[in-house]
Amino acid sequence: MDIWLNPLFEIEKVLLGITEDLEYFNDTYTPNLKISDPRFGDLQADGILSFAKQSKQNPRFLAELLIEAMNKSGKIDPKLISYEISGPGFINFKFSNEFLTEWLKTVQTKSQLKDLCHSSYRKKCIVVDFSSPNTAKQLHVGHIRSTVIGESISRLLEFCGANVIRDNHIGDWGTQFGILIMAIKKQNFDLDTVDDQTLAKLEQLYKSGTELTKENSEALAEARNELVKLQNGDPENIGMWEKISKISYLEFEGIYKMLGVSFDKVLGESFYRDKIDPIYKELIEAKIAEESDGALVVFHLEHPRFNKQPFIIRKQDGASNYATTDLATIMFRVKEFQVDEIIYVVDSRQSDHFEQLFLTIDKWFSTSNKPKPTLTHVKFGTILGDDGKAIKTRSGEPVKLKALINEAIQRAYKVVESKNPGLPDKEKNNIARVIGLGAIRYIDLQQNRISDYIFSWDKMLSFDGNTAPYLLYAVTRIRSIFRKAAIDPEYYCEQASDIESITEIDLAKKLLGFGSAINQALSELKPHHLSSYLFELAGVFSTFYNTDKVIVDDALVKSRRLMLCSRTLLVLESGLNLLGLETLERM
């Protein structure tokens with residue numbers, strides 16, 4: 001047999017192929033192959049047990065049939081990958097040292113790592129909708145989760161062959177602009193003189209304008225009038241709105257650039273304002289939407305929670321809302337991009353909105369026979385302070401993202417200075433930037449996104465535990481091995497002997513699990529599965545490095561251990577890049 005890049009998938013295909021021609025099996029059987037407890041082998045197929053229960057057959061008998069058929073087929077060489085029945089009908093597979101060595105020799109490049117991914121994502125068009133700040137407001141700490149999770153999911157999908165469209169669906173239209181334009185005019189604020197404080201000043205103007213409209217009915221009427229003028233295309237108000245949007249996005253882009261995030265589309269709410277009326281018409285004609293108390297709504301009477309909670313798509317005053325815009329956005333993406341899936345990376349508080357949105361789309365597209373994309377809400381929890389509440393500044397304001405990033409870099413610089421004071425300032429600054437940005441990103445991505453987590457500077461910048469500094473240091477330690485040996489890290493190692501020691505075998509098997517970690521992260525859209533794998537890999541490598549000397553006199557042993565180092569470096573750097581982290585030559 002050829003050396004399979006992804007033996008898990010290939011063995012699964014063999015099992016499915018064999019059972020097609022076997023009596024007692026049918027197309028409901030799935031191998032359910034997964035990485036197993038090391039006591040039982042390297043992979044385990046337990047699908048026979050559930051199939052036997054469903055079909056009321058003896059699982060051990062079925063397993064014996066499958067083993068006999070595998071032996072006859074010759075599709076799995078037992079000298080490379082052995083297999084046996086265990087317990088009531090488990091089938092355990094074990095990789096030989098020869099197989100592991102040849103696999104390590106085969107997987108040399110990032111493009112070959114991509115072949116470890118599941119093929120189901122290849123050539124699919126997927127829109128990832130993430131970050132989505134409101135204009136005229138600064139990015140704050142709450143935006144970091146959507147931004148880094150969305151970017152990581154985008155990278156994972158691209159790595160596995162999907163055509164990804166990153167869309168920043170910014171909040172750049174709505175009632176807030178009436179208040180802001182009113183406040184700008186009252187204060188004679190100059191929108192043409194821009195500095196790094198302009199967006200902060202606009203945010204403060206909006207807050208003061210909001211307070212004024214609460215206290216003063218004339219100010220409220222004035223704000224509404226400014227909004228009507230804007231919506232009707234008044235040249236002055238449109239000009240002000242355009243300047244506000246430009247000032248806002250220039251500020252956003254500066255932060256996105258620091259984080260290594262870019263978008264293919266920035267189609268905010270304003271883009272869809274002339275695409276809303278056809279949505280109302282279609283939903284009314286399809287008898288999905290109806291008027292209720294002056295508003296246009298969709299009822300989901302079949303739903304246990306939403307049967308008394310209508311999905312409002314046009315308010316009583318005739319104004320559109322998020323629901324309207326989201327419906328128009330889906331329709332646009334289907335028509336323009338022929339999208340297969342739309343992934344929304346938005347916090348858990350919007351769960352009801354997206355559930356009702358998806359139910360409405362199901363009814364609408366089913367009624368009209370439109371091709372419906374898969375719609376997925378990637379929800380996430382809140383970043384908490386030490387008090388267990390949403391993290392805030394001492395004044396009670398949300399922590400600004402720019403300030404958080406700058407503080408992370410400054411704190412990282414102090415760590416770099418203490419550990420390696422002799423480095424040139426330029427290099428120390430770059431290392432501090434990579435560590436600081438990586439630490440902010442990684443502390444978020446190593447959490448199960450569903451959960452809240454407590455923000456901790458000490459934990460985030462620690463060189464111990466599951467942190468960015470620990471993993472970045474693991475990369476630099478491997479690079480230092482090749483630097484000291486004056487050998488290219490992209491080491492082919494054709495002459496390497498078969499791996500032998502326990503730590504060599506453990507490391508090779510851990511490297512083989514990279515594809516499974518990628519596929520698990522994507523199947524659940526949870527990047528923490530990849531971060532957990534990378535942390536475990538770094539730990540297994542550390543054990544190997546501390547046990548087995550790499551640079552030894554025996555050329556064949558030296559070659560295979562350098563090969564293990566090279567492949568670990570490839571997987572660590574590739575994995576960290578998929579999480580959005582830069583890596584370093586030294587720290």
Side-chain angles (χ1 to χ4, degrees), residues 121-137 139 143-174 177 238 241-276 278-279 320-347 350 353-354 357-358 361 365 370-378 380 401 522 525 578 580:
Y121 299 102
R122 284 176 193 155
K123 298 184 179 179
K124 275 191 175 181
C125 180
I126 302 176
V127 169
V128 184
D129 183 325
F130 66 101
S131 197
S132 307
N134 292 320
T135 54
K137 293 182 180 179
L139 291 173
H143 291 106
I144 191 67
R145 298 216 73 183
S146 176
T147 304
V148 302
I149 294 170
E151 177 62 20
S152 181
I153 287 172
S154 298
R155 293 186 183 204
L156 284 162
L157 288 166
E158 284 176 331
F159 189 77
C160 293
N163 170 29
V164 175
I165 299 172
R166 294 167 172 81
D167 193 351
N168 195 356
H169 188 74
I170 58 174
D172 64 348
W173 197 251
F177 284 98
I238 288 290
W241 170 79
E242 288 174 344
K243 289 175 182 177
I244 292 165
S245 297
K246 185 177 180 181
I247 290 165
S248 301
Y249 211 77
L250 280 173
E251 174 88 4
F252 299 160
E253 280 190 317
I255 294 173
Y256 291 144
K257 186 176 180 181
M258 292 180 76
L259 291 170
V261 173
S262 61
F263 293 90
D264 303 294
K265 303 290 180 183
V266 183
L267 301 178
E269 292 170 9
S270 65
F271 178 79
Y272 298 98
R273 65 184 187 269
D274 62 350
K275 299 172 176 59
I276 286 169
I279 305 297
S320 60
N321 59 7
Y322 292 129
T324 328
T325 306
D326 283 345
L327 289 166
T329 303
I330 292 171
M331 179 59 75
F332 176 82
R333 288 167 174 167
V334 169
K335 286 181 177 178
E336 293 298 315
F337 307 143
Q338 288 78 54
V339 65
D340 296 297
E341 183 172 2
I342 304 172
I343 296 170
Y344 297 87
V345 187
V346 183
D347 73 69
Q350 298 299 317
H353 167 77
F354 282 107
L357 174 68
F358 297 169
I361 287 291
F365 279 44
K370 290 179 171 64
K372 188 179 80 68
T374 301
L375 302 173
T376 307
H377 177 204
V378 172
F380 54 84
L401 187 50
L522 270 182
L525 295 176
L578 289 172

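Since the structure is predicted, the reported quantities are computational estimates derived from the model, not experimental observations.
- Applying the salt bridge (Lys or Arg N to Asp or Glu O under 4.0 Å) criterion to Arg155, with sequence neighbours excluded, gives Glu151.
- Atom CZ in Phe271 sits 11.0 Å away from atom NE2 in His169 (nearest 0.5 Å).
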Between Gln350 and Tyr322, does a side chain to side chain contact (heavy atoms under 4.5 Å, CB included) hold up when you go through it step by step?
CA-CA 11 Å; Gln350 298 299 317; Tyr322 292 129; 5.9 Å; no
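- In this structure, the separation between CD1 on Ile153 and CG on Leu156 is 7.5 Å, given to the nearest 0.5 Å.
- Using a 4.5 Å heavy-atom threshold, the side chains of Arg333 and Asp167 count as touching.
- The aromatic rings of Phe252 and Tyr249 stand perpendicular to each other, their planes meeting at an angle above 60°, with 30° marking the opposite boundary.
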Evaluate the side chain to side chain contact (heavy atoms under 4.5 Å, CB included) criterion for residues Val334 and Val339: first the C-alpha distance (whole Å), next the side-chain angles of each, then the deciding distance (0.1 Å), finally the verdict.
CA-CA 5 Å; Val334 169; Val339 65; 4.2 Å; yes
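- Residues Leu522 and Cys160 have side chains in contact (heavy-atom distance under 4.5 Å, counting atoms from C-beta outward).
- To the nearest 0.5 Å, atoms CG (Asp129) and NE2 (His377) are separated by 10.0 Å.
- Counting heavy-atom neighbours within 6.0 Å of Phe332 CZ, excluding the residue itself, gives a total above 12.
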Applying side chain to side chain contact (heavy atoms under 4.5 Å, CB included) to Ile343 and Leu157, what does each step give before you reach the verdict?
CA-CA 11 Å; Ile343 296 170; Leu157 288 166; 3.9 Å; yes
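- Nearest heavy-atom pair across Ala136 and Ser248 is N-OG, 2.8 Å.
- Exactly one of Tyr256, Phe380, Phe263 qualifies for a ring pair (Phe, Tyr, Trp, His ring centres under 6.0 Å) with Phe130. That residue is Phe263.
- Taken to the nearest 0.5 Å, the CG atom of Leu259 stands 5.0 Å off from the CD1 atom of Ile144.
- Note: Asp264 CG to Asn168 CG = 11.0 Å, rounded to the nearest 0.5 Å.
- Every residue two or more places apart in sequence or in another chain that forms a side-chain contact (heavy atoms from CB on, under 4.5 Å) with Lys372 is listed here: Ile361, Asp362, Phe365.
- Under the side chain to side chain contact (heavy atoms under 4.5 Å, CB included) rule, Val128 has a single partner from Thr376, Ile149, Val345, which is Val345.
- Atom CG of residue Leu578 and atom OG of residue Ser154 lie 11.5 Å apart, to the nearest 0.5 angstrom.
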Could you walk me through whether Arg145 and Asp347 pass side chain to side chain contact (heavy atoms under 4.5 Å, CB included), step by step?
CA-CA 8 Å; Arg145 298 216 73 183; Asp347 73 69; over 6 Å; no
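- Counting only N and O atoms by type, the side chains of Ser131 and Thr147 include a donor and acceptor under 3.5 Å apart.
- The shortest side-chain heavy-atom distance between Ile170 and Pro133 falls under the 4.5 Å cut-off.
- The only option from Leu375, Thr329, Ile330 that meets the side chain to side chain contact (heavy atoms under 4.5 Å, CB included) definition with Leu357 turns out to be Ile330.
- Residues satisfying the side-chain contact (heavy atoms from CB on, under 4.5 Å) criterion with Ser270, sequence neighbours excluded, are Asp172, Trp173, Trp241, Arg273.
- His353 places a side-chain heavy atom less than 4.5 Å from the side chain of Asp326.
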